[in-house]
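Here is the structure we will look at, set down as structure tokens.
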Amino acid sequence: KAGVTQTPRYLIKTRGQQVTLSCSPISGHRSVSWYQQTPGQGLQFLFEYFSETQRNKGNFPGRFSGRQFSNSRSEMNVSTLELGDSALYLCASKDTGSSTGELFFGEGSRLTVL
Amino acid sequence: AQSVTQLGSHVSVSEGALVLLRCNYSSSVPPYLFWYVQYPNQGLQLLLKYTSAATLVKGINGFEAEFKKSETSFHLTKPSAHMSDAAEYFCAVTLMNSGYSTLTFGKGTMLLVSP
């Protein structure tokens with residue numbers, strides 16, 4: 001099985017712009033979560049989608065949004081970028097038939113905001 | 001709310017020495033616990049997980065961890081370090097009330113292995 005695929009791997013934006021990141025989960029996984037990783041704050045949960053519905057949301061401003069499509073692929077969007085949004089954004093998928101909560105992570109999208 | 005504390009942002013060992021990475025958790029209900037490893041410019045890879053079965057859990061690459069409820073700990077060990085073990089390690093917890101879908105991570109411990 002192919003793993004979790006995230007695109008793009010690297011991108012550079014300027015303050016005020018917006019960005020969209022994409023995530024394709026492992027085939028058959030219907031739950032997709034997003035995490036932000038920064039040196040200062042570590043790994044922080046952004047949101048989780050299941051069957052096209054946001055199921056959980058972390059403590060991030062409304063500039064951070066996401067969605068999930070019927071094929072379970074997910075996108076996250078950050079509008080009005082700030083310097084502090086520079087981070088590695090990790091997507092993870094989960095087999096909802098599993099009761100153990102194990103997440104499978106992609107390699108991440110590294111966003112640099114100038 | 002749950003939390004995870006990893007003692008030591010950096011741990012240095014010599015090749016062949018014992019690896020011990022510490023993780024303590026705080027949770028009002030029985031948790032599921034995980035250790036993930038991250039190599040430079042890569043995502044997170046699951047090393048092992050505790051899901052209320054055996055308290056001593058064996059993972060990949062020779063790592064193991066023991067769940068100790070009385071100490072609220074889930075320390076990661078490996079008898080003999082290898083150069084390829086140099087990476088950042090994250091302990092994480094999830095709870096039933098989140099549908100086991102949300103992981104709370106520790107700050108991570110960077111393992112440095114010297115020859």
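Sequence lines set the chain letters: A, B, ... in the order given, protein chains first and strands last, and positions in each chain run from 1.
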Taking side chain as everything from C-beta outward and backbone as N, CA, C, O, which of these in [X] sits under 4.5 Å from a heavy atom of chain A? Side chain, backbone, both or neither.
X       : value
B/Leu46 : side chain
B/Tyr50 : neither
B/Gln38 : side chain

(Q) To the closest 0.5 Å, what do you measure between NZ (A/Lys13) and CG (A/Leu11)? (A) 6.5 Å
Q: Enter the distance from B/Cys91:SG to B/Gln6:CD here, rounded to the nearest 0.5 Å.
A: 5.5 Å
Q: Measure centre to centre between the rings of A/Phe105 and B/Tyr36, then say whether the value is under 6.0 Å.
A: yes
Q. Between A/Phe60 and A/Phe47, is the ring centre distance below 6.0 Å?
A. no
Q: State plainly whether the residues A/Glu82 and A/Arg63 are in salt-bridge range, i.e. N to O under 4.0 Å.
A: yes
Q. Are any of the side-chain nitrogens in A/Arg9 or A/Glu107 under 4.0 Å away from the carboxylate oxygens of its partner?
A. yes
(Q) Quick one about A/Ser31 and A/Glu48 (side-chain donor to acceptor, distance below 3.5 Å, no hydrogens or angles considered), yes or no? (A) yes
Q) Residues of residues 105-115 of chain B under 4.5 Å from chain A (heavy atom pairs)? A) B/Phe105, B/Lys107
Please classify the contact between [X] and chain B as side chain, backbone, both or neither, with a heavy-atom cut-off of under 4.5 Å.
X       : answer
A/Leu43 : both
A/Tyr10 : side chain
A/Gln37 : side chain

Q. Would a 4.5 Å heavy-atom cut-off, applied to side chains only, mark B/Leu48 and B/Phe34 as touching?
A. no
**Q.** Student check: side-chain heavy atoms of A/Asn56 and A/Phe45 closer than 4.5 Å
**A.** yes
